[in-house]
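Below, read A as the first sequence line, B as the second, and so on, with proteins coming before strands; counting in each chain starts at 1.
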Amino acid sequence: MIPKDICQRVLRKAVSTGGDYAELFAENTVNHNIHMIAGKVDAIQDAVIAGASVRVYKGLRSVMASTVDTSEEGLLLCAQRAAEALGQGSAQIDIVLKERIFGDIHPVKEVPSSAANREKIDLLKAGCFAARDYSSDVKQVSGSFLDVDHRIFLASTEGFCTQDRQIRTRIAVTAVADQGKGAQTGSASPGRRMGMEMFEFIDPVAVGVTAAKQAVTMAGAGYCPAGVMPVAIENGFGGVIFHEACGHSLEASSVALGLSQFAGKLGQKIANEKVTAIDDGTIPGAWGSINIDDEGTPAQKNVLIEKGVLKTYMIDKFNGRRMGLPSTGSSRRQSYRYTPTSRMTNTYIAAGSDKNEDIISSIEFGLYARSMGGGSVNPATGEFNFAVNEGYLIRNGKICEPVRGATLVGKGSDVIQNIDMVGTDMDMAQGMCGASSGSIPTNVGQPLIRVKAITVGGR
Amino acid sequence: MTYHEFQQIVVDRAQAEGLTEYELYYRASESTSVGTFQREINEFSSSADGGVCFRCIVDGKMGYASTEAFNTEEAASLVLQAMENARSLESEEPVFLCEGGKEYASVAAPEYPLPETEEMVSAALAVVDKLYAADEKIIDGSSAEVYREKMTIAIRNSKGLDLTYTHSGAGIAAAAVVKENGEMSDAFDMKHGQLSTINTDELVAKAVSDAIDELGGGPAPTGAYPVVFAPEAMGNLLAAFSSVFSSESALRGLTRMKDQEGQTVAAPMVTLVDDPFYPDSAMPVPFDAEGCPTRTKNIIEKGVLKTLLYNLKTAHQAGKETTGNAFKGGYAASVDIRPFTMYLAPGDLTEDQLLEKAGTGVYINSLGGLHAGANAVSGDFSLQSAGFLIEGGKKTSHVKSFTVAGNFYDLLKNITALSDTVKPPRGMGMTAFCAPAVLAEGLTVSGK
């Protein structure tokens, strides 16, 4: 993307005040978003995000400067800003750049930008209309079709330059249903690191029906009771429990500063022995996958927790310096404007050996959380929350009436010990994860699990 | 190529394509921040970005396209892409661009010279020293961040509109991390303004005392109690539910405020204001994202819904004037609706009197999971909470890891008192939510 000789001059400038590492990151991203509501397409946006950033380290100090001016002059100015911010000093580093090609394990059959709006609108309509037609209780449907073509380029004083192209496609449908007890919403939003061929696996009609069904079920539901109880959490987006309760606290951005409940616990048992958890950026076509991370390190499959024992954190180069550990290919950023840091990719609790029916029948009175919404956590305290979008009460080992409005809260280090049954049918679902380096696509996943006791925020 | 040059090429191209109604919305920002670890600066970041959104009306439909790459090729593709997008639209709702020649309020933004990097570094180091000196429970991870930001918005359209707004500001954030008996907790506070005028003793004291308050304690007992929301918690709740006052949501049937203008929607002591010129706002704004003049309005006045928030399109559909609340989440975003500083007007009780009135209940200091546990369509919320028990009319033991659940529409009606002081918004940006402390009935606490 940027000629090697320019990269060399920019990197030389970046380390000119004594930096011991510098990196040039350039990006050209095209976002295309089609929105529809009330059966009609009401907005289409195209946005080109194009710019670059220069990062410099000196020991445990990091400096980042970004610019939209990707001419040589603009990049040199950006490097100079970074170098000056690092302070006084001088250095001469010989920079030889060798091009690296990591290959692409995510082939794209049909790049979304080569498909016409019409084709995407037809898919979106199929989803939205299926939701609308599901029931006369469905009062409103909105949907969006999103495709992203994210090209990144990196050159680093470690002596390499490389690039990646990350294409993602997603369809989302939200339905609102009302049966006179107050409107409720339901949604579904599958996505892949794929092009238009995603629709060979994903049926937009099924997406619409899932959203509508959830809205209608919840519109007929009463409120979830409040209290501490056992909860069975379904696969797919249920994995948000690990993402919030544990995942963020295993990111080096928290761990390196000691701001994690799991800092200093490598090799120790931190979770129930039923729990094996993995962050895997290498799953072909998966929403959270990357060929290389945003520091140019190839993605890895990282076993975070094996049978309850903490095996590794998710580490980027900068925090790795403080921790004395190498990068695990976990450095990510939304765009060139953000300073990258350690983040998740596709994170899931691996399949166990409990049967689904045994998990449900083990619960005398509790909650079956079929579909989850987002959540959040404070990694320092481990206090987390996430919303249950579609829940049912379990009585005497049987799934009974639907209940609305529940949020689950707890402390990650406790809850991860309380996951005492793990099913066999692991599945993943897509989300956007927000943190200091911006909003990035991540998968969460798990099989059906049982948490033996957790606070259910009903009423 | 500068934006100025780029803009002219786009306009020429638009005219060559025969477009008669179009707009360029440009937003650029420069921001710099320094952060600390232990007693040293460990992070410095300086971002400069800027992008433009081109909108045009083709056959009555508004097409959008945006870019950050300012070159001749991109200028052409911007215009063509927006036209192509317009042609794919189906919505038949009439769309508008703002006419030029309107009167705008002169915004008295607090102008001060932005700090140089050296001043930011010394301010950050001074704050971090104060953090470490504040309490022996303070541990590494406590940090200071100092930032400065400059933003420019320029809107130019084919109807003679040509507006520019620049805003700059600075601020300091202090994050305190404390540890006691193996348990960690943290809290932060931030203030914006000229660095030399920011009272960092107060800033540090607030962050440290909030962090210490978070130590210990467990869930509150499950039950229905009177609940007092601290000002920040109430502000966060308003933020999560502000879209219920959007006329766009009303048109789509996504808010119970639809068709309620003129009706009682809240308790008689509730007045909800949207003020683009709020005195404590970090960023007072004279025009909205469509270039229409902004103004202060009561959304709810003594319990009665006076107006929803409108932009040009929704106002036309409702047969009203825009309230100047068009909003774009970024230069590339489509025009939506958002308040500026939305605040609940203060009541007449001190916070102590409010607690006394509550008698026995729960005081909510902070709410978590607002993006997930609050549904603006249904009004339902169930949110991770931390705060204190209220016993005998006073705050007593610390409680956390519980939820407070209810419904926002009901909550507006179940407010029984407001304290006399609105806590100013913290942070930067043109959108802010603030409130006094609020006492409400009819909420459920789920804890132990």
Side-chain angles (χ1 to χ4, degrees), chain A residues 28 35 37-38 40-51 60-68 81-82 85 117-118 121 139-140 176 182-185 226-228 257-259 261 337 339 373-376 378 380-381 383 385-387 404-407 409-411 455-459, chain B residues 37 40-51 63-69 74 81 84-85 88-92 117 139-141 177 184-186 214 219 222 252-254 332-334 368-369 371-373 375 377-380 382-384 400-403 405-406 444-448:
Chain A
N28 188 296
H35 185 261
I37 190 161
K40 296 208 159 110
V41 175
D42 72 330
I44 302 180
Q45 292 143 29
D46 270 283
V48 176
I49 294 159
L60 297 177
R61 265 197 298 159
S62 149
V63 161
M64 196 278 281
S66 76
T67 180
V68 281
R81 265 162 56 213
N117 274 339
R118 180 46 47 200
I121 289 169
K139 306 299 181 195
Q140 182 61 279
V176 178
Q184 290 285 305
T185 55
V228 177
L257 306 183
L259 295 177
Q261 47 181 338
R337 284 175 222 156
T339 301
S376 62
N378 176 343
T381 63
E383 302 275 338
N385 66 79
F386 66 92
R404 63 165 74 162
T407 287
V409 300
K411 187 173 174 181
T455 302
V456 176
R459 52 168 144 149
Chain B
F37 184 69
E40 289 177 358
I41 300 292
N42 77 323
E43 283 205 75
F44 172 93
S45 133
S46 155
S47 296
D49 59 44
Y64 285 69
S66 306
T67 190
E68 290 185 342
E74 196 69 25
Q81 192 68 52
E84 155 68 15
N85 288 342
S88 297
L89 294 178
E90 300 169 332
S91 171
E92 276 143 23
T117 304
I139 58 166
D140 286 351
V177 186
M184 252 191 293
S185 73
D186 63 350
E214 294 282 315
T222 300
R252 308 299 182 199
L254 301 176
S334 52
H371 65 298
N375 185 325
V377 175
S378 63
D380 289 338
S382 172
L383 298 164
Q384 180 189 348
K400 64 185 174 195
S401 246
F402 63 97
T403 61
T444 307
V445 167
S446 179
K448 59 181 181 198

J.: Between the main-chain N or O of Ala50(A) and the side-chain N or O of Glu68(B), is there a donor-acceptor pair closer than 3.5 Å?
T.: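 Yes, Glu68(B) side chain to Ala50(A) backbone: donor-acceptor pair under 3.5 Å.
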J.: Tell me, out of Gly375(A), Gly410(A), Ala380(A), who's got the most heavy-atom pairs with chain B below 4.5 Å.
T.: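 That would be Gly375(A).
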J.: If I measure from the heavy atoms of chain B, does Ala82(A) come under 4.5 Å with its side chain, its backbone, both, or neither?
T.: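 Neither the backbone nor the side chain of Ala82(A) comes within 4.5 Å of chain B.
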J.: Salt bridge between Glu92(B) and Lys40(A), side-chain N to carboxylate O under 4.0 Å?
T.: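 Yes, charged N to carboxylate O under 4.0 Å.
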J.: Is a side-chain N or O of Thr222(B) found less than 3.5 angstrom from the main chain of Ala226(A), in a donor-acceptor match?
T.: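 Pair absent, no side-chain N/O of Thr222(B) close to backbone of Ala226(A).
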J.: Kindly indicate whether the side chain of Thr407(A), heavy atoms from C-beta on, has any atom under 4.5 Å from the side chain of Gln384(B).
T.: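 No, too far: nothing below the 4.5 Å cut-off.
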J.: Do you know which of Ser334(B), Ala332(B), Gly50(B), Gly373(B) has the most heavy-atom pairs with chain A at a distance under 4.5 angstrom?
T.: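 Highest number of pairs under 4.5 Å: Ser334(B).
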J.: Indicate yes or no for a side-chain donor-acceptor contact from Arg337(A) to the backbone of Asp49(B) under 3.5 Å, with no hydrogens or angles considered.
T.: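 Side chain of Arg337(A) to backbone of Asp49(B): no pair is present.
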J.: Let's go through Leu383(B) and Asn385(A) carefully: what are the C-alpha distance in whole Å and the side-chain angles of both, what is the deciding distance for side-chain contact (heavy atoms from CB on, under 4.5 Å) to 0.1 Å, and is it a yes or a no?
T.: CA-CA 8 Å; Leu383(B) 298 164; Asn385(A) 66 79; over 6 Å; no
J.: At their closest point, which heavy atom of Ser401(B) faces which heavy atom of Glu383(A), and how far apart are they?
T.: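 Here Ser401(B) and Glu383(A) meet closest at OG-OE1, 2.6 Å.
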J.: Look up atom OG in Ser66(B) and atom CD in Gln45(A), then write down how far apart they are to the nearest 0.5 Å.
T.: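 One gets 7.0 Å once the value is rounded to the nearest 0.5 Å.
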J.: Identify, with sequence neighbours excluded, every residue that meets salt bridge (Lys or Arg N to Asp or Glu O under 4.0 Å) alongside Arg252(B).
T.: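 Result, salt bridge (Lys or Arg N to Asp or Glu O under 4.0 Å) vs Arg252(B): Asp42(A), Glu93(B), Glu248(B).
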J.: For Ala372(B) versus Gly374(A), what's the shortest heavy-atom pair and its separation?
T.: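 It is CB-O, 2.9 Å.
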J.: Looking at Ile44(A) and Tyr64(B), what are the two nearest heavy atoms and their distance?
T.: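 Smallest interatomic distance, heavy atoms only, reads O-CB, 3.4 Å.
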J.: Quick check for you: among Gly379(B), Gly406(B), Ala69(B), Ala405(B), which has the greatest number of heavy-atom pairs under 4.5 Å with chain A?
T.: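 Sorted descending by pairs with chain A, the first entry is Gly406(B).
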J.: Please state whether the side chain, the backbone, both or neither of Asn28(A) comes within less than 4.5 Å of a heavy atom of chain B.
T.: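 The answer is neither part of Asn28(A).
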J.: Return the option, out of Val68(A), Val456(A), Thr339(A), with the maximum number of heavy-atom pairs under 4.5 Å with chain B.
T.: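 Of the options given, most contacts go to Val68(A).
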J.: Considering only heavy atoms, which portion of Val176(A) lies under 4.5 Å from any heavy atom of chain B: side chain, backbone, both, or neither?
T.: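 Contact with chain B involves the side chain of Val176(A) alone.
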J.: Could you look at Glu84(B) and say if it's the side chain, the backbone, both or neither that has a heavy atom under 4.5 Å from chain A?
T.: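 Both parts, backbone and side chain.
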J.: Which region of Ile139(B), side chain (C-beta onward) or backbone (N, CA, C, O), has a non-hydrogen atom less than 4.5 Å from a non-hydrogen atom of chain A, or is it both or neither?
T.: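 For Ile139(B), there is no contact with chain A at all, as no heavy atom is under 4.5 Å.
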J.: Pick whichever of Gly458(A), Ala406(A), Gly182(A), Gly373(A) has the most heavy-atom pairs under 4.5 Å with chain B.
T.: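 Option with the greatest count: Gly458(A).
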J.: Give the minimum heavy-atom separation between Ser46(B) and Arg81(A), together with the two atoms involved.
T.: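 Heavy atoms only, the tightest pair is OG-NH2, 2.7 Å.
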J.: Of all of Ser91(B), Ser382(B), Gly368(B), Gly447(B), which one pairs up most often with chain A through heavy atoms under 4.5 Å apart?
T.: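 The answer is Ser382(B).
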J.: What heavy-atom pair brings Gln184(A) and Asp380(B) nearest, and what distance separates the two atoms?
T.: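 Result for this residue pair: NE2-OD2, 3.1 Å.
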J.: Within this structure, what is the CZ-OG distance for the pair Arg459(A) and Ser446(B), rounded to the nearest 0.5 Å?
T.: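 Arg459(A) CZ to Ser446(B) OG: 12.0 Å, rounded to 0.5 Å.
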J.: Side chain from CB out, backbone as N, CA, C, O: work out which of these in Ser62(A) comes under 4.5 Å of a heavy atom of chain B, or both, or neither.
T.: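 It is both, since atoms from each part get that close.
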J.: side-chain contact (heavy atoms from CB on, under 4.5 Å) between Leu259(A) and Asp186(B): does it pass, once the steps are laid out?
T.: CA-CA 9 Å; Leu259(A) 295 177; Asp186(B) 63 350; 5.9 Å; no
J.: Select one option (side chain, backbone, both, neither) describing which atoms of Gln140(A) are under 4.5 Å from chain B's heavy atoms.
T.: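 Interface part for Gln140(A): side chain.
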J.: How long is the span from the CD atom in Glu90(B) to the CD1 atom in Ile37(A), to the nearest 0.5 Å?
T.: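 If we round to the nearest 0.5 Å, Glu90(B):CD and Ile37(A):CD1 are 13.5 Å apart.
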J.: Closest approach of Asn117(A) and Ser88(B), non-hydrogen atoms and distance?
T.: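 Nearest heavy atoms, Asn117(A) then Ser88(B): ND2-OG, 3.2 Å.
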